[in-house]
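For reference, the structure is listed below as structure tokens.
These numbers come from a predicted model, not from an experiment. Letters A, B, ... mirror the listed sequences (proteins, then strands); counts begin at 1.
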Amino acid sequence: MPLDLKSTINLPKTAFPMKANLPQNEPKILARWEDMRLYDRIRELKAGAPAYVLHDGPPYANGPIHLGHALNKCLKDFVVKSKNMAGFDAPYIPGWDCHGLPIEIKVDHQLGGKKLQMKPLDVRLECRKYAQKYLDLQRVQFKRIGVLGRFDKPYSTMTPEYESVVLATFYKFFEDGFVYKGLRPVYWCMHDRTALAEAEVEYETHTSPTVFVRYRMQSDPRTIEIPRPSGAWTGHPPETNPLADVRITKNKPVYTIIWTTTPWTLPASMAVAFHPSEEYVALEAQDAIYIVAEKLAKSVAEKCGFPDATAIAHFPGKAMEHTWFYHPFLPWERRKILGVVADYLTMDTGTGVVHTAPSHGAEDFATGVRYQLDPTCDVDAAGIIHNGLPEYDGLKVLKANEPIIELLKTRGALLHSEKVEHQYPHCWRCHNPVIFRATEQWFISMETKSPPKQSLHGAPTAEMSFRTRALEEIKQVKWDPAWGEERISNMVETRPDWCISRQRVWGVPIAVFACNGCGKPLNDPAVNRRVVEVFAKSGADSWYTGATDALAVGAQCAGCGGTVFAKENDILDVWFESGCSYLVETASEQNYPWPSDLYLEGGDQYRGWFMSSLLCSLGAHGSAPYKGVVTPGWTLDEQGRAMSKSRGTDVDPVDIANRLGGEIVRLWVASVDFREDVVGSENLMQRTAETYRDIRNKLFRYVLSNLYDFDPARHAVPFEKLQAVDQYILQQACALSADVIRWYEEFAFHKIYQRVNHFVIVELSAFYVDVIKDRLYTFAPDSPGRRAAQTALWRIGEALVRLLAPIMSFTCDEVWQNLPKIETRGASVHMAKFPTAEDILGSASVPKEDPQQKSDWTTLLSIRDQVLKPLEEARAQNQIGKSLEARVKLTASDPLYGVLERHKDDLRYVFIVSQVTLEKGSGNGTGSLQVEVSRADGEKCERCWNYSTHVGEDPKYPTVCERCAPVLRQLEAGNDPETSNN
RNA sequence: GGAGCGGUUGGGCAUUUGGUUAAGCCCAGCGGACUUAUAAUCCGCUGUUCCCCUGACCGGGACUUGAGGGUUCAACUCCCUCCCGCUCCGCCA
């Protein structure tokens with residue numbers, strides 16, 4: 001009777017496809033999550049659990065997502081999902097930053113000239129549409145790569161609720177006395193008569209005149225103190241003052257020489273700046289002495305026409321601080337020029353000395369603040385100079401250059417002039433050169449002491465400035481990587497007062513009324529509260545409708561007692577808005593903790609969101625809004641350079657999701673060490689897809705395909721009754737699980753990736769699975785040996801599907817649906833918890849690790865390697881083909897022998913050979929091992945392909961071995977495999 | 001200017017809290033087994049130079065973690081100097 005032996009083998013069987021078809025299947029899984037309201041159901045499930053809040057930093061809603069977004073969101077998703085599975089209630093509310101200049105510019109472009117005729121309200125409406133369009137697009141894209149969160153109710157900075165909290169936060173600063181209005185230089189377009197932000201400035205080549213101008217020293221050189229702290233300026237006895245000596249003996253006037261490309265700023269010149277620590281020289285020319293930087297002395301002397309001048313004194317720039325100079329053309333009574341030091345001076349061009357016009361440069365302005373220089377701006381919105389000498393008064397700044405150069409000549413102050421081509425800021429819209437111009441802006445002071453009613457960690461703060469308090473708060477936060485603390489501390493230490501006003505339309509207005517009488521801003525808490533209420537109802541647009549006009553009625557100006565007010569037009573810096581995000585979130589989510597547990601954003605946010613969130617929260621709430629801050633690196637291309645769309649080296653995560661799968665993007669994110677800059681490329685995505693296939697097929701598909709007849713409730717074998725190798729692999733899985741769970745806590749996702757990959761490839765696929773195939777396929781379906789192997793596979797599958805769910809969210813949910821049904825299981829893997837040791841081992845009484853067993857298997861695996869090698873040689877000599885054709889003879893001495901003896905029944909399976917004999921060798925204690933390979937004894941069993949000397953002993957089945965014959969008898973007896981107890 | 005990262009075998013990614021022989025995985029390459037995970041799976045080889053051995057292979061030994069120093073009984077790991085590559089933030093009179 002020809003028996004179809006193959007049909008009696010328990011071959012793997014599964015509907016879980018090898019090919020994932022992720023681009024097609026992921027959208028279906030997403031639809032299922034949506035239908036079942038997965039996010040909400042997790043929230044319901046977690047109600048009452050300890051909270052863990054990762055607060056989302058809002059991306060800017062002005063384009064499709066790029067790989068940096070994907071990295072950011074996937075990392076957050078890993079954190080949130082793993083926290084949920086670790087037992088926390090970890091919500092995730094995504095947010096969007098919707099106001100601000102980039103959108104307004106884009107909309108301006110779209111509107112073209114039309115904008116000029118439009119009311120602000122209508123422009124705002126257009127901007128809103130634009131932002132909403134990209135919010136919607138990004139939302140779809142984030143979901144596409146598997147990010148799970150409250151996407152149906154995200155936060156957005158352009159909702160009435162959000163806008164009202166922003167305004168309330170501003171008022172809090174305002175009422176607490178941190179806000180002031182003051183002058184500050186900004187980019188200014190004379191043609192469009194408007195302030196420009198940095199993003200609105202384009203650099204174009206421009207030809208400027210450059211002038212070398214001498215400023216005569218007014219101070220008596222003998223009063224100048226020359227410090228010699230470190231001996232760097234030795235060569236002069238400490239008691240003498242070289243400059244004074246020179247002056248006295250030579251009786252020549254002393255000048256310094258400045259260099260500038262903007263002669264028109266000279267009327268606003270208030271100071272000359274020297275670098276404090278660079279070396280300066282006094283050059284003696286024919287009729288004067290000139291002070292310039294030593295490093296530039298030679299080129300200056302040549303250009304200015306005294307090439308033979310000799311250096312008669314050396315001193316650091318610091319020596320010139322607090323000296324006085326005459327202005328080159330303004331009389332002494334009208335303008336006194338102060339000698340100052342500034343460390344931003346460079347020694348590569350010019351003279352090493354610059355003139356300082358506080359109203360026409362950011363650095364100049366900062367220097368001006370330090371030395372209390374006059375910041376008055378005599379240039380009006382159209383760029384016309386006022387209050388000047390007749391030679392240039394009433395001229396536009398660029399037109400004033402030539403007359404001023406002439407004036408310098410007449411006064412004998414001009415030493416040299418030429419034309420130079422350089423990159424100069426231009427207006428993005430009209431392409432005319434822009435200038436720096438000091439205008440009135442709103443500021444939050446970094447130096448204002450906090451009112452006594454506020455406290456910081458319970459300690460009185462009356463004496464601490466806002467800056468100091470911020471620095472103190474920074475210390476309370478766990479910065480990861482740790483250098484972040486130093487970085488943000490440096491920034492807070494050195495940052496100027498926060499300029500929070502913008503002369504723009506698309507944002508939250510600085511909703512303040514100004515007195516018509518004296519111009520003083522009205523700061524009336526009652527009025528402020530009324531405005532917030534209107535904003536909360538109708539949004540910030542209400543500042544531009546009539547809805548808020550009457551709110552100051554009845555108020556009185558604190559300055560002049562006036563009762564008529566006008567509305568301010570400036571809007572708030574968008575960083576102020578996004579900095580309020582956690583204030584907004586905690587205002588609406590009552591059960592949210594303060595501070596949040598984690599902020600996670602790129603390193604560019606130290607200056608941005610990390611800083612503004614810190615300052616806003618400090619002002620409104622008295623402390624930082626985060627306990628921890630994690631910073632991923634930047635995304636680089638394969639050459640290790642910043643990804644660039646123009647260079648074509650950018651990787652589009654949505655494109656990857658559509659071609660390879662969102663899961664591949666996620667797995668890539670998990671594969672990189674995100675704390676450093678990360679490399680992404682098509683190549684790496686392809687490789688990640690390979691890893692994905694390994695995990696999908698070698699792990700999940702293999703597990704599922706061997707559980708088709710396994711019902712855990714009936715068939716699971718207790719740990720004690722598993723075979724040694726099953727116990728071993730489960731204990732390995734247990735160790736893996738502990739590592740993985742710990743690494744989730746540390747956000748060390750790349751370690752999880754590596755470790756899981758290793759487990760799947762090396763421990764499972766290349767070893768365990770190979771070893772148990774004989775049992776799985778050839779043993780009777782319900783035999784204890786087969787059920788034991790199935791139990792191990794099942795427990796591994798149950799463990800890994802949970803452990804990987806935060807990362808491989810799609811696939812794990814797919815696997816979840818295919819695992820044997822058990823009653824306690826939720827509808828999605830994302831509702832489950834991480835496995836415990838008990839879950840994996842199936843027993844609470846089994847130790848997580850068995851040192852004896854572990855060391856035995858370490859030994860056995862190393863012996864396995866030593867056996868595989870001679871098997872390969874035998875194969876090369878055509879002695880055997882498959883390893884089952886072999887018989888292995890081991891001669892070992894202790895301690896190896898002891899290990900082998902303990903596991904002698906397992907050896908043939910571990911080596912996958914038909915027979916193993918073991919002999920004790922000489923050399924006790926040396927652990928020597930000899931391996932001999934020969935052809936297996938007996939004949940090949942047609943069923944299980946092992947070789948046996950007992951093939952054919954059962955006359956009914958002449959071609960099978962002693963293991964297979966009873967199985968066949970049983971099967972043929974029609975025993976239901978499910979109830980058989982072979 | 002401020003902050004920071006990286007340099008491991010043909011390519012990519014790991015590991016190394018200073019200590020047994022540093023190298024595991026993937027890819028590419030070469031060779032093989034199996035056709036019972038089958039549009040799969042598994043196994044072996046694959047750093048350099050030099051030395052010993054040999055007819056040749058095989059085998060054995062030494063060397064090797066950007067360069068050079070230092071600390072140490074011991075350095076891939078810690079420190080210093082440097083080279084190369086890169087990033088973010090700021091500045092450019």
Side-chain angles (χ1 to χ4, degrees), chain A residues 5-6 9-14 18-19 203 210 258-262 265 273 342-346 348-357 360-364 422-423 425 436 481 483-484 486-491 493-495 602-608 611 631 633-642 671-673 675-679 681 683-684 686-688 690-691 693-694 697-698 701-706 750-751 753-755 757-762 765-767 769-770 773-774 776-778 865 868-869 871-873 875-876 878 880-885 912 943-945:
Chain A
L5 288 174
K6 190 164 173 177
I9 308 252
N10 318 305
L11 290 180
K13 200 157 59 180
T14 179
M18 182 131 51
K19 197 159 159 29
Y203 282 80
T210 87
I258 64 96
W259 174 77
T260 182
T261 54
T262 49
T265 60
D343 52 14
Y344 52 79
L345 264 75
T346 57
D348 43 354
T349 43
T351 64
V353 187
V354 299
H355 93 98
T356 298
H360 297 298
E363 290 182 327
D364 292 28
H422 61 153
Q423 294 299 108
F436 260 108
W483 50 257
E486 195 188 338
R487 188 166 174 188
I488 194 164
S489 292
N490 285 343
M491 288 177 175
E493 249 162 50
T494 57
R495 69 158 298 152
D604 52 339
Q605 298 304 329
Y606 282 102
R607 179 156 292 275
M611 168 110 67
T631 306
W634 216 247
T635 50
L636 310 178
D637 65 24
E638 238 170 359
Q639 279 74 47
R641 323 226 325 223
S671 77
V672 298
D673 183 353
R675 270 164 254 249
E676 293 168 12
D677 291 347
V678 301
V679 175
S681 68
N683 235 330
L684 284 170
Q686 294 287 353
R687 201 159 301 152
T688 307
E690 298 275 345
T691 306
R693 281 193 275 279
D694 276 348
N697 294 323
K698 293 183 181 179
R701 184 163 187 271
Y702 193 80
V703 165
L704 294 176
S705 67
N706 283 289
H750 68 295
K751 292 187 181 174
Y753 175 89
Q754 286 286 338
R755 178 81 159 84
N757 200 223
H758 190 270
F759 178 77
V760 169
I761 305 260
V762 180
S765 182
F767 169 62
V769 162
D770 239 19
K773 276 181 196 166
D774 185 75
L776 285 172
Y777 300 164
T778 72
D865 282 341
L868 290 177
K869 200 153 182 191
L871 281 174
E872 187 62 27
E873 282 162 17
R875 200 172 284 133
N878 285 324
I880 55 165
K882 55 163 44 185
S883 60
L884 283 176
E885 291 168 26
I912 320 182
R943 184 168 175 276
C944 71
W945 296 354

Please confirm whether the backbone N or O of [Y] pairs with a side-chain atom of [X], one donor and one acceptor, at under 3.5 Å?
X	Y	value
D677(A)	G633(A)	no
S883(A)	I912(A)	yes
T262(A)	T265(A)	no
H360(A)	F436(A)	yes
R875(A)	G881(A)	yes

Please give the distance between the [atom1] atoms of [N] and [M] as a whole number of Å.
N	M	atom1	answer
A67(B)	G59(B)	P	29 Å
G10(B)	G4(B)	P	33 Å
C86(B)	G70(B)	C1'	28 Å
U64(B)	C76(B)	C1'	11 Å
U77(B)	U72(B)	C1'	13 Å
C42(B)	A37(B)	P	11 Å
A22(B)	A74(B)	C1'	15 Å
C63(B)	C51(B)	P	15 Å

Under the criterion side-chain contact (heavy atoms from CB on, under 4.5 Å), I'd like the reasoning laid out for T631(A) against Q605(A): C-alpha separation, chi angles, the key distance, then a yes or no. CA-CA 9 Å; T631(A) 306; Q605(A) 298 304 329; over 6 Å; no

Could you state the [atom1]-[atom2] distance from [X] to [N], rounded to the nearest angstrom?
X	N	atom1	atom2	result
M611(A)	G90(B)	CE	P	10 Å
D865(A)	G44(B)	CG	P	7 Å
H750(A)	C26(B)	NE2	P	18 Å
Y753(A)	C13(B)	OH	P	11 Å
D694(A)	G24(B)	CG	P	18 Å
I761(A)	C43(B)	CD1	P	10 Å
E690(A)	U41(B)	CD	C1'	15 Å
R641(A)	C88(B)	CZ	P	11 Å

D604(A) bridged to R607(A) by N-O distance under 4.0 Å: no

Annotated protein contacts, base or backbone, on nucleotides 1-10 of chain B with a non-hydrogen cut-off under 4.0 Å, one of B, S, - each: -BSSSS----

Reading nucleotides 31-40 of chain B from the 5' end, what letters show protein touch, with B for base, S for backbone sugar-phosphate only, - for no heavy atom under 4.0 Å? BSSSSBBS--

Look at all strands and tell whether [X] reaches a base, only sugar-phosphate, or nothing, counting heavy atoms closer than 4.0 Å.
X	value
E873(A)	nothing
R687(A)	base
T691(A)	nothing
N10(A)	nothing
L684(A)	sugar-phosphate

Over all atoms of both residues, closest heavy-atom pair of K698(A) and V760(A): CB-CG1, 3.8 Å

W945(A) versus K882(A), closest heavy-atom pair with distance: CE3-NZ, 2.6 Å

Comparing G603(A) and N757(A) on RNA chain B - which has the more 5′ nearest nucleotide: N757(A)

Scan every strand shown for a Watson-Crick or G-U wobble partner of [N], both distances under 3.5 Å, and answer none if you come up empty.
N	result
G31(B)	C43(B)
G1(B)	C89(B)
C82(B)	G66(B)
G55(B)	none
U38(B)	none
U16(B)	none

Say whether Y702(A) and S765(A), considering side chains only, have a donor N or O and an acceptor N or O under 3.5 Å apart. no

E690(A) and R693(A): salt bridge (Lys or Arg N to Asp or Glu O under 4.0 Å), yes or no, with the steps? CA-CA 5 Å; E690(A) 298 275 345; R693(A) 281 193 275 279; 3.4 Å; yes

With sequence neighbours left out, write down each residue that passes side-chain contact (heavy atoms from CB on, under 4.5 Å) with D637(A), or none if nothing qualifies. Q639(A), R641(A), M643(A), R647(A), T649(A)

